2 protein chains.
Amino acid sequence: MARTDTRFRQSHNAMLDMLSGMAPGAGLPSEVQLAAQFGVSRTVIRAVVQKLGADGILQGSGRGKRLLRVPKPKDHLPLREDYIGRDELEARFLDWVLRFDVPAGTALNITQLARQFMVPPHALQEFLASLGQSGLIERRPRGGWRLLGFTADYAVELSEFRQVLELNAIRVFTTLPDDHPAWAALASIREEHLDLLQRIEQDFHDFSRLDGRFHALLNSVVRNRFVAEFQKVISLIFHYHYQWDKTMERFRNEAAIREHLTIIAALQARDTGEAKARARAHLATSKETLLTSMRGHQLA
Amino acid sequence: MARTDTRFRQSHNAMLDMLSGMAPGAGLPSEVQLAAQFGVSRTVIRAVVQKLGADGILQGSGRGKRLLRVPKPKDHLPLREDYIGRDELEARFLDWVLRFDVPAGTALNITQLARQFMVPPHALQEFLASLGQSGLIERRPRGGWRLLGFTADYAVELSEFRQVLELNAIRVFTTLPDDHPAWAALASIREEHLDLLQRIEQDFHDFSRLDGRFHALLNSVVRNRFVAEFQKVISLIFHYHYQWDKTMERFRNEAAIREHLTIIAALQARDTGEAKARARAHLATSKETLLTSMRGHQLA
DNA sequence: GCGGTGGTTTTTATCATTAAAGACACCATG
DNA sequence: CATGGTGTCTTTAATGATAAAAACCACCGC
């Protein structure tokens, strides 16, 4: 088999479901209508109709198709639920790389990884290529891939780049007109910070997501596809590391919340210099956290 | 045939060349030595030796291989010089997209493009995936690719991103210690600017390359793989557009040189604020040039 | 014992196959 | 005669198969 016939099977079963609601002898809609209804091409519909004819469920051909007998549950075709989507592949792969700190320079094995992640080798190949620009992966001269690894160097450069983007975002933020929706969002997220600070003893775990949303908000005011693209990578990696370093988590998070609040205050006061300074301090601690988290993890 | 046997053919011919310098009856080096010498695996060497044996050039097997007759030029295997490299593919593709302004939203046809660019479809697929993060291309839901196109929006965002990176580079530059080699490079490139200014009437075409090197120097002080990666894309696109817009080229270039010189002067005076301001002005004109160049090209 | 060779396994790039999508022309029916 | 439907065919991209290349291992001869 070449391409998977998932589409055919799904349409087949959907057609059975439709036919179940009809009386024997009733006529069918036209092929074009069926195709539009199921969101597939006419080719698929025709294949389904032909199979149903062979199975004795439909009778006649062309315009004169009629329902011969009501389909039974057994007529449904089983469909294999293999193959995960691209997003899940990304999550699983990063999880694998970051969690089991694969040593830098490891040669990656396409087929093995493809089996491991339950994707066709082809899809993995494409995924690795798309990761190429993130600097985590390198093409070997003659075939194959090499994992450059998530090294301390990488973390430092990532943090520095993040700082460049985020300081720029803050500069842009302070120049926004007062009626810009971002100001309302900022006030709202400030409330959330205060709220979480109140119940920090129990709910300090919630900070990771709040942190992600806060930084996303800051960067959202920069309408730039390149920034957005990098932001995705950055937040992903920081998010993953947050899940590890459990040391002092409660205190780290409380300190981070307070740092966020000083940034918010400076922004609301339209004090660019102060906001930048506060953000610099916050990003510096964030970078340190990332680095110590990595060191701790390498020992484990 | 699955993989191309280019490697085999090259080794085969290289081996013939080596044998030409030997006398009939002479013994051969070991397989491992030959493999190391030609930079291929033993498998290839063994295949070559077997073929040469079948062709009556070598005799015996294993340790006892001897040269039977001196090979003739006709024994050389022809090797197909198809298939360009990855760098040339990148150049050709960008050239195609930027030059023939393909309308935004065009669906790309893998096989057709692969033929057009003389690469195996597989390689093109991987190339497109690697371009995914540059924002020029998008994966269609069910197979295929869509060219998002080099629109005015794209150019604006690219320019803005460039500005963020470059202003940061300038900030870093002014903090460099006096004995950093970048200062010498800066002085040297300043001389080149002055030199070109002298002979601007004839040689204004040389500016494009000088411009590229100037901006590369600025960014080189930021040791960051993400910056470097983006710098590649940016300089590529700006370089391509420089080749088009011939209107006022002589005057544009002279003005740009003078702008460069003011930036250099501010840097050498360690005046961060002034350098940033000058750079901002320069990048603004550069952006305008890019945009007008695009408008002009769309009319053509 | 050591270097070399033969055989075998693993892995990756390409090829051939096939499902899906779309285009076109003809036919039936009002 | 016009409109909508169907049959046939072409094009395209995903996938399984496959061969080349590299790596591994065990054995042999000196």
Side-chain angles (χ1 to χ4, degrees), chain A residues 1-12 27-36 38-51 60-65 80 82-83 107-115 119-126 128 139-145, chain B residues 1-12 27-36 38-51 60-65 80 82-83 107-115 119-126 128 139-145:
Chain A
M1 192 169 2
R3 282 170 82 139
T4 57
D5 53 357
T6 316
R7 226 127 217 276
F8 168 76
R9 287 163 182 269
Q10 280 175 347
S11 305
H12 183 269
L28 270 77
S30 79
E31 294 182 356
V32 220
Q33 284 175 330
L34 288 171
F38 297 128
V40 296
S41 77
R42 262 187 60 218
T43 313
V44 180
I45 294 297
R46 291 174 57 86
V48 168
V49 166
Q50 193 167 18
K51 166 135 183 66
S61 70
R63 205 167 305 233
K65 296 184 298 288
R80 300 172 306 177
D82 301 354
Y83 292 167
L108 295 179
N109 186 322
I110 292 275
T111 18
Q112 182 190 324
L113 279 181
R115 269 198 300 274
V119 292
H122 196 255
L124 187 70
Q125 184 102 353
E126 191 179 311
L128 289 180
R139 199 96 171 82
R140 275 191 303 174
R142 208 168 31 260
W145 302 82
Chain B
M1 191 172 2
R3 279 168 89 136
T4 58
D5 53 357
T6 315
R7 218 122 224 286
F8 168 76
R9 287 162 182 270
Q10 280 175 346
S11 305
H12 183 270
L28 269 77
S30 79
E31 293 183 355
V32 212
Q33 284 174 331
L34 288 172
F38 296 129
V40 296
S41 80
R42 265 187 58 220
T43 313
V44 180
I45 294 296
R46 301 187 57 188
V48 169
V49 166
Q50 194 167 19
K51 165 137 183 64
S61 70
R63 208 168 302 234
K65 297 185 297 287
R80 302 171 306 176
D82 301 355
Y83 293 167
L108 295 180
N109 185 322
I110 292 275
T111 17
Q112 182 189 322
L113 280 181
R115 270 198 299 276
V119 292
H122 195 256
L124 187 71
Q125 184 101 357
E126 191 179 311
L128 290 180
R139 199 98 171 80
R140 275 189 306 175
R142 209 166 32 261
W145 302 82

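All values derive from a computational prediction rather than experimental measurement. In what follows, every chain begins at residue 1, and chains take the letters A, B, ... in the order their sequences are listed. Values reported hereafter were calculated over all heavy atoms of this structure, with side chains retained and with hydrogens, waters and symmetry mates removed.
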Next on the checklist: For nucleotides 25-30 of chain D, give me one character per nucleotide, 5' to 3': B if any protein heavy atom sits under 4.0 Å from the base, S if the only such contacts are to the sugar-phosphate, - if neither.
Outcome noted: ------

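The CD1 atom of A:I45 sits 14 Å away from the P atom of D:dG7 (whole-angstrom rounding). In this structure, B:L34 atom CG and C:dG4 atom C1' are separated by 12 Å, rounded to whole Å. Taking atom CD of residue B:Q125 and atom C1' of nucleotide C:dC15, one finds them 15 Å apart after rounding to whole Å. For the pair A:L28 CG and D:dG5 C1', the computed distance is 14 Å after rounding to whole Å. B:H12 has its NE2 atom 17 Å from the C1' atom of D:dA21, to the nearest Å. Atom-to-atom, NZ of A:K51 to P of C:dA19 comes out at 14 Å; the value is rounded to the nearest Å. Rounded to whole Å, the distance from CD on A:E31 to P on C:dA21 is 14 Å. Between the CD atom of B:Q50 and the P atom of C:dT5 there is a distance of 14 Å, rounded to whole Å.
For B:V40 against B:R7, the heavy-atom pair with the smallest separation is CG1-NH1, 3.5 Å. The minimum heavy-atom distance between B:V44 and B:F8, with the atom names listed, is CG1-CA, 3.9 Å. The two residues A:S11 and A:V48 come nearest to each other via the heavy atoms CB-CG2, 4.1 Å.
Counting any heavy atom pair closer than 4.0 Å across all strands shown, A:S30 reaches sugar-phosphate atoms only and no base atom.
Considering only residues two or more places apart in sequence or on other chains, A:R42 meets the salt bridge (charged side-chain N to carboxylate O under 4.0 Å, His left out) condition with A:E31. A:T43 is linked by a side chain to side chain contact (heavy atoms under 4.5 Å, CB included) to A:S41, counting only residues two or more places apart in sequence or in another chain.
Taking OG1 of A:T6 as the reference point, atom NE2 of A:H12 lies at 14.5 Å (rounded to 0.5 Å). Residue B:L124 holds its CG atom at 9.0 Å from CH2 of B:W145, rounded to the nearest 0.5 Å.
Comparing A:V32 and B:F8 by the nucleotide of DNA chain D whose heavy atom lies nearest to each, the residue mapping closer to the 5' end is A:V32. Projected onto DNA chain C by closest heavy-atom contact, B:R46 and A:V44 fall at different nucleotides, the more 5' of which corresponds to B:R46.
Comparing D:dA14, D:dA22, C:dA19 by their closest approach to the side chain of B:T43 singles out D:dA22.
Using a 4.0 Å cut-off, no side-chain N or O of B:Q33 falls inside it from OP1 or OP2 of C:dG3.
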